[in-house]
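These notes are about the structure you will find just below.
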Amino acid sequence: MQKPIRIVLTGAPGCGKGTQARILRDKFNLCHLSTGEMLRAEAQKDTPLGRNLKAALDRGEFATDDMIIEMVSSRIEEQDCANGFILDGFPRTLPQAEALEKILQEKNIALNAVIEIQVPDEIIMERILGRYTCANCGEGYHDKNLKPKVYGVCDKCGGTEFVRRTDDNRQTVKNRLINYRKLTYPTIPYFEQLGLLYTVDGTGSIEGTSKKIIEILGLN
Ligand code: AMP
């Protein structure tokens, strides 16, 4: 059995963290922990928390550190994470990064790597505004760069309904990019100091980026 692999994928919104996380999950049987997906599930609920969260996400604002840290801390305890996990979208602030270190130390486990996927802002806007997913299986597509093989039919599950995220609009993306620079970027030097940081260029093909990540992890 392979040794557990525990990684963080970081980078600006739209850099390809989710796409790469799903590829690694399927290839190495890892648990994919996307805090964005967890929050979107919570935001769909017709509860005071759900409604507040939906409003915050639609403005491109972050959820509170305490809530996110609690969510991740209990999630990585679950059995499906025993073989390793990919953190996608967490940690997104310096307090979250420090909390992660503490949580892992308490559990006596360590990260293999933090991988930053770098993509310039102009490309990010174009990628996010064109992306959509299959409503049934979550497979990702893009208006220009990644269309289903048969128009209107998901390649993976045959589904015919597709959805776009409500926070994938120009104004919200601008706010998300501002928040990335202000709140998430400080985690990069933090992980660099811990000797965990690797950077990959995310402007090439999806397969090319996966290949680079797999090489970094020494899994090729
Ligand atoms: P994502 O799917 O990673 O793009 O996340 C979508 C949105 O969820 C972000 O724009 C944030 O508003 C929120 N979010 C996701 N992860 C976190 C986190 N670790 N801390 C705070 N807010 C988060």
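Indexing begins at 1, ligand by ligand and atom by atom, following the structure's order.
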What do the steps show when you test Val8 against Ile115 for side-chain contact (heavy atoms from CB on, under 4.5 Å), and what is the final call? CA-CA 6 Å; Val8 169; Ile115 297 173; over 6 Å; no
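- A 4.5 Å side-chain heavy-atom check between Glu42 and Met38 finds every atom pair outside the cut-off.
- For the pair Arg176 (side chain) and Asp167 (backbone), a donor-acceptor distance under 3.5 Å is present.
- Applying the ring pair (Phe, Tyr, Trp, His ring centres under 6.0 Å) test to every pair with at least one member in residues 22-69, sequence neighbours left out, gives no pairs at all.
- Every residue was checked against the ring pair (Phe, Tyr, Trp, His ring centres under 6.0 Å) condition with Tyr190, not counting sequence neighbours, and none meets it.
- Within 4.0 Å of ligand 1, protein heavy atoms belong to Thr35, Gly36, Leu39, Arg40, Leu57, Glu61, Phe62, Ala63, Ile68, Gly89, Phe90, Arg92, Gln96, Arg165, Asp167, Arg176, listed by chain and number.
- Among pairs with a residue in residues 125-142, those fulfilling side chain to side chain donor-acceptor pair (under 3.5 Å) read Arg131-Asp168, at least two apart in sequence or across chains.
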